[in-house]
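To start, the structure itself, in structure tokens.
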Amino acid sequence: MRVLLLTPLALLAACSAEKAPAPAPSTEAAVAAPMPPQPPAQTPVTAREVHEENDLYVFDYSYPASAGTVPALKALLDGKLDEARTRLKAEAQEGRKAATEGGFPFRPYSHSVKWEVVTDLPAWLSMSTLVGFDSGGAHPNYMFDALLWDRIAAKRRAAVELFTSKAALAAALREPFCKDLDRQRAKKRGGQDGGLPEFDECIDPTEQTVILGSSNGKAFNRIGILIAPYAAGPYVEGDYEVTLPVTQKVLDAVRPEFKAAFVAG
């Protein structure tokens, strides 16, 4: 039998091989990969709401965020806001001057506008508002206004512009409009008349505030007519609102370039 004898030097070499430390990690691998650049923070578009109250006037004006997302529309509404506030201030100053000279109490004037969404479609934004005002008369008063924004043309339109003519739209709406208006009148009056002959007659729906609406979120399929006090009845009756479906008669009155925006309701 042969016996293999290892010298001390050989033993030391063997131990060193078994216990050799692991190589140090690469400097390049230890450095973390750079983070990708972060996009700039986006400022969220919010609704605008202004309230000012002093001894001269009370002013309120607001519009929804859906209007604020359209730069041109936002600029238009901001301009209307500034115009209304400037006009209110001037009128209130004149009113206070007249009150001082006439020796009677002055009551602060007021003006309020609150735009609300009627329908928000891919190509259209339909909004309406009740405009309230008080200039020191016997009682406050109000009226309606509407705004139809054409997203494709980037411009404001009146609802009646989408039809061949006001007369054509009035003819298409007249029968169902007058029927529903008389129904609402009878309900408010309890069988009494309107007090004046004109308050018992039908009125032209296109001379009122016309708004376009949608129940499917895709196209206009209903038309609303907002009627302020005194237009269809005495002040005590307040306002009227008639909502009608888009019928074939209405579709026939739509201008060709806007046909795709309507469907029968």
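Side chains are part of it too, since the values below use all heavy atoms of this structure and drop only hydrogens, waters and symmetry mates. Computed from a predicted structure; not experimentally measured.
A cation-pi arrangement is absent between K80 and Y63 under the rule of less than 6.0 angstrom and at most 45 degrees off the ring axis.
E241 contributes no side-chain N or O that, together with a main-chain N or O of G224, makes up a donor-acceptor pair within less than 3.5 Å. The backbone N or O of N221 sits nowhere less than 3.5 Å from a side-chain atom of S214 that would complete a donor-acceptor pair. A donor-acceptor contact shorter than 3.5 Å is absent between the side chain of T86 and the backbone of E83. Without hydrogens or angle criteria, K259 side chain to L251 main chain gives a donor-acceptor distance under 3.5 Å. At distances below 3.5 Å, not a single donor-acceptor pair connects side-chain atoms of D239 with backbone N or O atoms of L226. Of the possible donor and acceptor atoms, none in the side chain of S126 sits under 3.5 Å from a partner among the backbone N and O of V118. Side chain of R185 to main chain of F199: a donor-acceptor pair is present (N/O by atom type, distance under 3.5 Å, no hydrogens or angles).
With values rounded to the nearest 0.5 angstrom, L81 atom CG is found 9.0 Å from H111 atom NE2. The distance from atom CG of L121 to atom CZ of F220, rounded to the nearest 0.5 Å, is 5.0 Å.
Side-chain rings of F262 and F163 approach one another, their centers coming within less than 6.0 Å.
Side-chain contact between T209 and I225: absent, with no pair of heavy atoms (C-beta onward) separated by less than 4.5 Å. Using a 4.5 Å heavy-atom cutoff, the side chains of R189 and D200 are in contact. Taking the side chain as every heavy atom from C-beta outward, K188 and Y240 approach each other to under 4.5 Å. Contact annotation: the side chain of T69 never approaches that of K74 to less than 4.5 Å [non-hydrogen atoms, C-beta and beyond]. Between V210 and L173 there is no side-chain heavy-atom pair separated by less than 4.5 Å. You'll find the side chain of P205 stays beyond 4.5 Å of the side chain of V242, heavy atoms only.
Shown here is K218, whose NZ atom has no more than 12 heavy atoms of other residues, nucleotides or ligands within 6.0 Å. Dense packing is recorded around CG of L196, with more than 12 heavy atoms of other residues, nucleotides or ligands lying under 6.0 Å away. Heavy-atom neighbours of E52 CD from other residues, nucleotides or ligands within 6.0 Å: above the threshold of 12.
By the 4.0 Å N-to-carboxylate-O rule, K114 lies too far from E49 to be salt-bridged with it. Between R151 and D120, at least one side-chain N (NZ, or NE/NH1/NH2) sits under 4.0 Å from a carboxylate O, which counts as a salt bridge. Salt bridge D82/R85: present, at least one basic N to carboxylate O contact under 4.0 Å.
Relative orientation of the Y142 and F144 rings is perpendicular, given thresholds of 30° and 60° on the angle between their planes.
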Kindly determine whether F133 and N141 satisfy side-chain contact (heavy atoms from CB on, under 4.5 Å), including the steps that lead there.
CA-CA 6 Å; F133 49 91; N141 209 342; 3.7 Å; yes

Go through the steps for L88 and Y61 under the test side-chain contact (heavy atoms from CB on, under 4.5 Å), then give the verdict.
CA-CA 12 Å; L88 174 63; Y61 197 106; over 6 Å; no

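Taking every heavy atom of both residues into account, R222 and V246 meet most closely at N-CG2, 3.4 Å.
By the criterion of side-chain heavy atoms lying less than 4.5 angstrom apart, applied directly or through intervening Ile, Leu, Val, Met, Phe, Trp or Tyr residues, I211 is not grouped with V131; the two fall into different hydrophobic clusters.
Among the candidates M127, R156, R48, the single residue satisfying the side-chain contact (heavy atoms from CB on, under 4.5 Å) test with L77 is M127. Each of R87, Q93, K89 was checked for a side-chain contact (heavy atoms from CB on, under 4.5 Å) with E91, and the lone residue meeting it is R87.
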